[in-house]
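Bear in mind the structure is a predicted one, so any value in this text is a computation, not a measurement.
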Amino acid sequence: MNEYNPSEIEPKWQKYWEEQELNKAEDFSKKPKFYCLIEFPYPSGEGLHVGHPRPYTALDILARKRRMQGFNVMYPIGWDAFGLPTENYAIKTGKHPKIITEKNIATIKRQMKMIGLSFDWSREINTTDPKYYKWTQWIFLQLFHKNLAYKAKMDVNWCTKCNVGLANEEVVQNLCERCGGEVYRREREQWMLKITDYADRLLADLGTVDYLEKIKKQQSDWIGKSYGAQVVFKVKSKTMLPKEHMYDLPVYTTRPDTLFGCTYMVVAPEHELIEKFKDQIDNINDVLDYRDQAKHKTELERTNLEKAKTGIELHGLKAINPVNDEEIPIFSADYVLATYGTGAVMAVPAHDQRDYEFAKKFDLLVKEVVAGGNIKKESWIGDGTLVNSEFLNGLNVQPATDKIIEWLENKGFGFQTVNYHLRDWIFSRQRYWGEPIPIIICPRCGYVPVEEKNLPVLLPEVENYQTTENGDSPLALIEDWVNVECPKCGEEAKRETDTMPQWAGSSWYFLRYCDPKNDKILADKKKLKYWTPVDWYNGGMEHTTLHLLYSRFWHKFLYDIGVVPTAEPYAKRTSHGLILGEDGEKMSKSRGNVVNPDDVVKEYGADTFRVYEMFMGPFDQPTPWSTQGVVGIKRFMDKVWAIGNKLDNKKRTNNDEEIRLLHKTIKQLAEQIETLDLNTCVSALMILINKFQDKGCNQEIFEQFLKILSPFAPHLGEELWQKLGHKKSIFLEKWPEYDPELAKDAVKEVPVQINGKMRCKILVTEDMSEEEIKNLALADEHVKKWLEGKEVKKIIYVPGKILNIVI
RNA sequence: GCCGAGGUGGUGAAACUGGUAUACACGAAGGACUUAAAAUCCUUUGGAGUUAAACCUCCGUGCGGGUUCGAGUCCCGCCCUCGGCACCA
């Protein structure tokens with residue numbers, strides 16, 4: 001018998017599978033299609049660490065099993081290659097991002113092939129390829145035509161030293177992560193996409209897809225639909241305008257029923273009210289100082305409920321509560337965000353904890369309007385009877401809400417409305433390494449889209465990847481690229497120099513896999529009709545609210561304009577947990593806890609690596625890597641090899657323990673591969689091989705075992721299969737069927753409890769009646785001992801599960 | 001802080017809709033083989049106690065309470081860890 005030598009057999013079979021084209025997906029095949037998708041990777045300079053292949057391997061197992069079950073499987077791969085880290089690396093080294101990207105892709109591709117992942121490489125795509133981003137730009141133009149892309153002033157983190165807009169992640173304690181320079185929030189014109197127009201459909205259609213519950217919950221919480229009312233307060237200033245000419249200050253509230261309890265107003269420091277009434281606010285300088293301070297805080301800091309509230313009253317202004325004409329003070333406070341609701345809130349300290357704390361600090365009136373709590377101690381947000389509220393008195397919260405909304409609508413003071421936590425998508429980046437936004441800015445015609453025949457707008461070469469002094473992208477410096485004729489009027493105009501975020505290319509890539517080389521359209525409609533929706537999409541939990549939602553939004557838009565045949569892109573979505581370093585921390589270069597798959601494969605082989613990653617723990621939970629744990633899987637592989645090399649064909653094959661266990665295991669794997677309970681699949685395979693080791697095994701049984709093992713350890717499976725005399729790949733075999741009779745236990749061991757504590761076990765066959773089983777239990781020696789001198793009150797029998805005697 | 005997920009032996013973990021807590025594996029200890037070591041194989045391995053022996057008893061699934069014949073699983077209140085919070089991807 002020769003040795004198990006993974007480094008010899010693994011490349012051999014990888015080459016064989018590629019030559020045999022076993023992993024190619026066939027357009028329009030008569031077989032049922034199965035489109036299975038993992039999030040395509042960002043080709044970072046470090047290559048893959050052991051965390052990346054976990055989802056790739058899990059879905060590879062699923063894909064291989066489904067192929068054996070007769071599906072036409074598409075399992076494609078590509079590169080999400082635009083992005084910040086590559087650009088930052090380019091700035092540091094002066095190398096072109098394109099060159100860096102190519103090199104990184106080559107590394108990761110080699111690593112993926114080394115692991116034996118059954119991707120259809122003929123469909124490989126790359127978001128930085130002009131033939132690809134042509135269509136990303138095309139989609140943007142369609143959004144622009146439908147008024148779903150617009151420009152707005154938004155705050156960006158601005159590093160005063162690097163002169164560059166920063167990602168939130170690059171800001172550490174209000175300092176620039178790269179240079180340590182000071183950061184503040186500066187206003188800039190940005191391209192925005194109106195994802196909020198789709199909020200309702202993105203929420204409602206969660207009901208039509210098979211996502212993990214936690215994913216649905218997180219998406220719907222992120223969309224954050226709330227019902228409430230918009231109420232308009234009048235603002236009284238020193239100019240003493242008649243009431244109907246006073247400034248209207250609309251607020252959004254989810255608790256219009258508490259309107260009589262509103263004792264002050266709060267606006268965001270950036271609210272237009274302040275600019276408008278500059279001359280009439282007595283303490284305007286302090287108010288503006290406060291606004292400047294707010295620019296140095298993050299949203300997280302501002303909205304943290306634990307942190308002490310800050311704010312400043314706008315002296316000289318009063319708001320008028322429309323329900324009772326009371327004049328109440330107006331504050332500016334940074335816990336109110338300009339971007340949420342109307343940027344202003346009515347404060348009801350008696351019935352909102354944040355308002356309560358603020359009121360205590362500034363010594364403001366706390367007026368109870370819903371009975372039920374003790375507002376001397378804390379705010380009361382629960383239900384109760386309305387008090388101090390004139391015509392609402394005596395009602396409970398819900399009827400009071402209905403009544404006040406009706407009243408507001410009749411008087412023209414407000415209306416019922418919904419509000420979303422979801423905000424529009426900031427789509428511009430003042431960066432080089434992204435898709436140029438295909439818009440021409442003409443002083444006469446405004447924003448003019450680039451004509452479709454002129455797509456793609458190629459990303460030009462630049463000398464320097466640094467943003468310009470005024471914060472424009474490096475593209476702004478390339479004059480012969482920036483200066484163009486306006487497509488509308490033919491006069492001088494300039495290109496938009498902002499680029500798209502990395503989310504753009506990844507919002508539609510799964511469509512391109514269906515038809516990766518089409519140069520007429522983003523993908524042929526018939527092919528999309530055949531392949532979409534994606535049957536199974538797996539990705540990280542960390543992409544639940546951004547990437548997953550963005551791509552659902554784009555897909556719905558493409559559906560509306562007739563480009564794609566389904567309203568939802570992904571029929572099913574699952575999530576994997578991260579693999580952490582051995583120290584239990586997230587793997588990162590800076591922590592120095594990165595484990596490289598190259599090293600693991602070199603020492604133990606790809607199959608051991610794959611099976612270990614599946615065995616470590618539940619697929620959807622984070623798990624630390626353990627170098628020692630890998631050893632156990634290598635021993636398992638060695639055992640399979642050893643048994644496969646000395647099969648005992650004198651062994652009979654009927655109805656003995658091994659056969660029963662085999663059928664049980666086939667059943668378990670058939671079910672649990674589908675639920676991605678892959679750790680218990682591996683353990684079931686181990687239990688079976690341990691049984692073979694004890695009892696011996698013939699070729700017939702072993703071949704069945706090999707078939708269910710091979711999706712996990714494809715190289716070992718193929719090697720032993722062909723060694724046993726087969727000429728064709730094991731992956732062309734049918735997935736084995738199990739015999740339901742053999743997969744069942746003939747005799748069951750049923751635990752007997754007394755008052756819920758397990759005391760003994762009895763053996764029960766299927767044909768026994770409940771009466772017989774109870775008598776059997778009562779006759780048991782142990783039970784007798786416990787029952788001595790006691791009265792049996794009740795016997796509970798759950799068939800096949802448990803028998804409990806209550807005394 | 002807000003939203004989401006999780007906490008079980010020395011370690012990674014298993015336990016299907018409330019029904020035998022700790023499967024499988026790592027580590028550790030002891031033994032076999034060997035001149036020896038590695039590899040391999042066998043045995044033991046949650047804690048405490050009683051015992052000639054455990055096939056006996058008690059305690060045990062982050063903490064405190066509750067529901068139930070029965071709770072790792074359900075409910076209430078806490079603590080801790082992880083993911084996300086919109087320009088990392």
- [ ] Find the partner of B:A86: check Watson-Crick (N1-N3 plus N6-O4 or O6-N4) and G-U wobble (N1-O2, O6-N3) distances, both under 3.5 Å, and reply none if neither fits.
- [x] none
Open item on the list: For the P atoms, the ones on B:U20 and on B:U73, what distance do you get once it is rounded to whole angstrom?
Closed with: 13 Å
Task: Ion pair A:K784/A:D780, N-O distance below 4.0 Å - done: no
Open item on the list: Of the listed nucleotides (B:C85, B:C87, B:G19), which one gets closest to any side-chain atom of A:L300?
Closed with: B:C85
- [ ] Check the chi torsion on B:G83 and let me know: syn if it falls within 90° of 0, anti if not.
- [x] anti
Task: Closest listed nucleotide, where the reference is the side chain of A:M616 and the choices are B:C88, B:A86, B:G12 - done: B:G12
TODO: Please check the phosphate of B:C26 (OP1 and OP2 only) for any side-chain N or O of A:W625 closer than 4.0 Å.
DONE: no
Task: Close aromatic pair by centroid cut-off 6.0 Å: A:Y4 and A:W641 - done: yes
Open item on the list: Can you measure A:M614 atom CE to B:A13 atom P for me and round it to whole angstrom units?
Closed with: 14 Å
Task: No-H, no-angle donor-acceptor pair, A:Q753 side chain to B:G19 base, under 3.5 Å - done: yes
TODO: For the side chain of A:K639, starting at C-beta, report the closest nucleotide among B:C41, B:G19, B:C85.
DONE: B:C41
Open item on the list: With rounding to the closest Å, how many angstrom separate the C1' atoms on B:G9 and B:A5?
Closed with: 24 Å
Task: Interatomic distance at C1', B:C78 relative to B:C88, whole Å - done: 34 Å
TODO: Quickly work out the A:F636 CZ to B:G12 P distance and round it to whole Å.
DONE: 22 Å
Open item on the list: So if I take every side-chain heavy atom of A:K586 and compare against B:C24, B:G4, B:G83, which nucleotide ends up nearest?
Closed with: B:G83
Task: N or O in side chain of A:Q218 less than 4.0 angstrom from B:C3 OP1/OP2 - done: no
TODO: Among B:C26, B:C87, B:G70, find the nucleotide with the atom closest to the side chain of A:N804.
DONE: B:G70
Task: Counterpart base for B:U40, defined by Watson-Crick or G-U wobble contacts under 3.5 Å - done: B:A32
Open item on the list: Measuring only the P atom in each nucleotide, how far is B:U17 from B:C3? A whole number of Å is fine.
Closed with: 27 Å
Task: Side-chain heavy atoms of A:F619 within contact of A:R54, under 4.5 Å - done: yes
Open item on the list: By the rule that syn is within 90° of 0, classify the base conformation of B:C55 as syn or anti.
Closed with: syn
Open item on the list: Could you check whether A:K92 pairs with A:E87 (Lys NZ or Arg NE/NH1/NH2 to Asp/Glu carboxylate O, under 4.0 Å)?
Closed with: no
Task: A:R759 side-chain proximity, nearest of B:C58, B:C69, B:A86 - done: B:C58
Open item on the list: Work out how far the C1' atom of B:U51 is from that of B:A37, and round it to whole angstrom.
Closed with: 41 Å
TODO: Taking atom P in both B:A28 and B:A38, compute the distance separating them and give it to the nearest angstrom.
DONE: 11 Å
Open item on the list: Tell me whether the side-chain N/O atoms of A:K761 come closer than 4.0 Å to OP1 or OP2 in B:U20.
Closed with: no
- [ ] Assign A:V630 to base, sugar-phosphate, or nothing according to its heavy-atom contacts below 4.0 angstrom with the strands shown.
- [x] nothing
- [ ] Please determine if A:D498 and A:R429 form a salt bridge, counting it only when a charged side-chain N lies under 4.0 Å from a carboxylate O.
- [x] no
Task: Pairwise P distance, B:U8 and B:C2 [rounded to whole Å] - done: 25 Å
TODO: Would you tell me if any nitrogen or oxygen in the side chain of A:N679 comes within less than 4.0 Å of OP1 or OP2 on B:C24?
DONE: no
Task: A:K801 NZ - B:U17 C1' separation (whole Å) - done: 8 Å
- [ ] Identify which nucleotide among B:G19, B:C87, B:A14 has an atom closest to any side-chain atom of A:P618, counting heavy atoms from C-beta outward.
- [x] B:A14
- [ ] May I ask which nucleotide in the shown strands pairs with B:C63, Watson-Crick or G-U wobble, both distances under 3.5 Å?
- [x] B:G77
TODO: For the pair A:R188 and A:D472, find out whether any cationic side-chain nitrogen is under 4.0 Å from an anionic carboxylate oxygen.
DONE: yes
Open item on the list: Between C1' on B:C87 and CD on A:E87, what's the gap in Å once rounded to a whole number?
Closed with: 12 Å
Task: A:M686, nearest nucleotide to its side chain (from B:C88, B:A86, B:A25) - done: B:A25
Open item on the list: Does the structure show a Watson-Crick or G-U wobble partner for B:C56, both distances under 3.5 Å? Name it, or say none.
Closed with: B:G49
Task: Nearest to side-chain heavy atoms of A:N168, which nucleotide of B:A86, B:C88, B:A5 - done: B:A86
Open item on the list: For the C1' atoms, the ones on B:G7 and on B:A14, what distance do you get once it is rounded to whole angstrom?
Closed with: 16 Å
TODO: For A:H782 and for A:L166, locate the closest nucleotide of RNA chain B by heavy-atom distance; then report the residue assigned to the nucleotide nearer the 5' terminus.
DONE: A:H782
- [ ] Scan every strand shown for a Watson-Crick or G-U wobble partner of B:A15, both distances under 3.5 Å, and answer none if you come up empty.
- [x] none
Task: Rounded interatomic separation in angstrom, taking NE2 from A:H421 and C1' from B:G4 - done: 13 Å
Open item on the list: Classify A:I687 by what it touches in the nucleic acid, base, sugar-phosphate, or nothing, heavy-atom distance under 4.0 Å.
Closed with: sugar-phosphate
TODO: Kindly say if A:R423 contacts the phosphate of B:C85, meaning a side-chain N or O under 4.0 Å from OP1 or OP2.
DONE: no
- [ ] State whether A:R423 and A:E299 are salt-bridged, where the test is any N-O pair (Lys NZ or Arg NE/NH1/NH2 against Asp/Glu carboxylate O) under 4.0 Å.
- [x] yes
- [ ] Taking only Lys NZ, Arg NE, NH1 and NH2, and the carboxylate oxygens of Asp or Glu, determine whether A:K361 and A:E357 approach each other closer than 4.0 Å.
- [x] no
Open item on the list: Quick check on B:A25: is either OP1 or OP2 less than 4.0 Å from any side-chain nitrogen or oxygen of A:R635?
Closed with: no
Task: Of the listed nucleotides B:G12, B:C69, B:A89, the one nearest the side chain of A:P85 - done: B:A89
Open item on the list: Only pairs with both distances under 3.5 Å count, Watson-Crick or wobble alike; so what is the partner of B:A21 in this structure?
Closed with: none
Open item on the list: Distance check needed: B:C16 C1' versus A:K664 NZ, whole Å only.
Closed with: 14 Å
Task: Of A:S626 and A:D638, the one whose closest RNA chain B nucleotide lies more 5' - done: A:S626
Open item on the list: Are there over 12 heavy-atom neighbours, none belonging to A:L337, within less than 6.0 Å of that residue's CG?
Closed with: yes
TODO: Quick one: label A:D221 by what it contacts on the DNA or RNA (base, sugar-phosphate, nothing), any heavy atom closer than 4.0 Å.
DONE: sugar-phosphate
Open item on the list: Measuring to OP1 and OP2 of B:A25, would you say a side-chain N or O of A:N690 lies under 4.0 angstrom away?
Closed with: yes
